[in-house]
Amino acid sequence: MPGFFFPHSNMTELNRKEDCKLAEGKIHKKKQKAFGADLKNYLKCMVPHIEPGIKTSNSRNIMLSAEEVIQWSQSLEKLLASQSGQGVFREFLKSEFSEENIEFWLACEDYKKTKSDHLHGKAERIYEEFVQTDAIKQINIDYQMREETAKRAQDPTHTSFDEAQKTVYILMERDSYPRFLKSKAYLNLLNQLQTNTSK
């Protein structure tokens, strides 16, 4: 699955390495009927092995389950409510060269939780990074909204970016999110988890 890396737990790696050594050393010494079991152990170390839960690369302590990944397909809101979902969706958006949308949305979510005395600095950073005309990660909003957001950012409140955030959310919901659900990345992840659950 290109673009995604799911590390294994250290204990599993150690067990697989021991199985590999055992399989390599004994594969030719055992009787014919035991050959299949040893070959299976040997192949485990040659082929990447996926655990029943998959750890995401950006959140090592969070295990993914098939149920959680299925819930992502219910709504963009459920996908974004999951840290793992945010990470997987961000990787997908990177592949489409539109990761500025989720980055802006997340920056706005963080901004809403900011203490009032820090609003001005964060508002300035969000405006410069995402909203202004020559922003490095310029979001796709129309001229009128860009101007209104600029005015709100000069005298910031916790709702300064709400309209722009809503516009970007709707854009992701109507455009990127349906493509994400049909993408090989999402379908392969779901298939791997469902396969591991049924074992």
Side-chain angles (χ1 to χ4, degrees), residues 1-23 37 39-114 126 129-130 137 139-140 165-166 168-199:
M1 186 166 61
F4 292 93
F5 174 70
F6 300 102
H8 305 292
S9 67
N10 290 340
M11 281 306 286
T12 304
E13 273 307 313
L14 289 174
N15 290 342
R16 285 184 49 224
K17 286 179 182 174
E18 289 174 13
D19 287 344
C20 290
K21 287 179 184 174
L22 284 173
L39 181 59
K40 182 178 176 184
N41 284 337
Y42 181 75
L43 289 174
K44 276 185 186 177
C45 49
M46 301 306 283
V47 177
H49 181 66
I50 298 170
E51 299 304 314
I54 295 180
K55 289 185 180 182
T56 60
S57 59
N58 63 345
S59 50
R60 293 181 182 180
N61 296 325
I62 299 174
M63 296 292 286
L64 284 178
S65 67
E67 293 79 26
E68 180 181 359
V69 175
I70 288 169
Q71 284 183 356
W72 297 350
S73 68
Q74 294 173 0
S75 70
L76 179 59
E77 183 179 351
K78 288 195 177 185
L79 172 66
L80 295 177
S82 160
Q83 266 194 312
S84 301
Q86 290 173 13
V88 173
F89 190 51
R90 179 182 283 187
E91 289 299 314
F92 171 75
L93 291 176
K94 278 183 184 178
S95 74
E96 294 204 324
F97 304 102
S98 60
E99 70 267 20
E100 70 278 356
N101 293 326
I102 192 168
E103 289 178 13
F104 174 72
W105 188 86
L106 290 170
C108 291
E109 289 296 294
D110 179 60
Y111 176 79
K112 291 175 189 177
K113 300 171 191 167
T114 303
I126 291 171
E129 190 172 350
F130 299 104
K137 299 177 181 179
I139 54 171
N140 188 10
Q165 185 186 24
K166 183 179 177 183
V168 167
Y169 182 90
I170 290 168
L171 179 68
M172 290 191 296
E173 187 174 45
R174 291 182 182 166
D175 187 39
S176 306
Y177 177 65
R179 284 199 309 276
F180 168 72
L181 295 178
K182 295 175 185 174
S183 71
K184 285 184 180 179
Y186 175 74
L187 296 173
N188 287 346
L189 176 61
L190 182 58
N191 185 44
Q192 286 176 340
L193 289 166
Q194 287 175 330
T195 301
N196 288 329
T197 302
S198 65
K199 285 182 182 179

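A quick note: this is a predicted structure, and the numbers were derived from the prediction, not measured.
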Has Asn196 got a side-chain atom pairing as donor or acceptor with Gln192's backbone, closer than 3.5 angstrom? yes
If I take atom CD1 from residue Ile126 and atom CD from residue Glu103, how far apart are they, to the nearest 0.5 angstrom? 12.0 Å
Taking only Lys NZ, Arg NE, NH1 and NH2, and the carboxylate oxygens of Asp or Glu, determine whether Glu99 and Arg90 approach each other closer than 4.0 Å. no
Spacing of Ser98 atom OG and Lys94 atom NZ [to the nearest 0.5 Å]: 12.0 Å
Please confirm whether the backbone N or O of Trp105 pairs with a side-chain atom of Tyr169, one donor and one acceptor, at under 3.5 Å? no
Would one find more than 12 heavy atoms of other residues, nucleotides or ligands at under 6.0 Å from atom NZ of Lys112? yes
If every non-hydrogen atom of Phe130 is compared with every non-hydrogen atom of Ala107, which pair is closest and at what distance? CE1-CB, 4.1 Å
Does Lys137 reach the side chain of Phe104, with side-chain heavy atoms less than 4.5 Å apart? no
With rounding to the nearest 0.5 angstrom, report the NZ to OG distance, Lys184 to Ser95. 12.0 Å
Would you mind reporting whether Ile70 and Gln194 have side-chain heavy atoms less than 4.5 Å apart? yes
Under a 4.5 Å cut-off applied to non-hydrogen side-chain atoms, are Val88 and Phe180 in contact? yes
Which heavy-atom pair separates Ser176 from Phe89 by the least distance, and what is that distance? CB-CZ, 4.1 Å
Which atom pair, heavy atoms only, marks the closest approach of Ser73 to Leu181? CA-CD2, 3.7 Å
If you count the non-hydrogen atoms of other residues, nucleotides and ligands that lie under 6.0 Å from CD in Glu77, is the total more than 12? no
Check Val168 against Asn101 and note the closest heavy-atom contact, atom names and distance. CG1-O, 3.5 Å
For Phe92, is there any backbone N or O sitting under 3.5 Å from a side-chain donor or acceptor partner on Tyr186? no
Nearest heavy-atom contact between Met172 and Leu80 is CE-CD1, 4.3 Å
Could you give the distance from CD (Gln86) to CD (Glu91), rounded to the nearest 0.5 Å? 13.0 Å
Out of curiosity, Leu93 CG to Arg179 CZ, how far, rounded to the nearest 0.5 Å? 8.5 Å
Roughly how far apart are Leu189 CG and Leu193 CG, rounded to 0.5 Å? 5.0 Å
With a 3.5 Å distance limit and no angle check, can you tell me whether Asp175 reaches the backbone of Leu171 through a side-chain donor-acceptor pair? no
Please confirm whether the backbone N or O of Lys78 pairs with a side-chain atom of Ser82, one donor and one acceptor, at under 3.5 Å? no
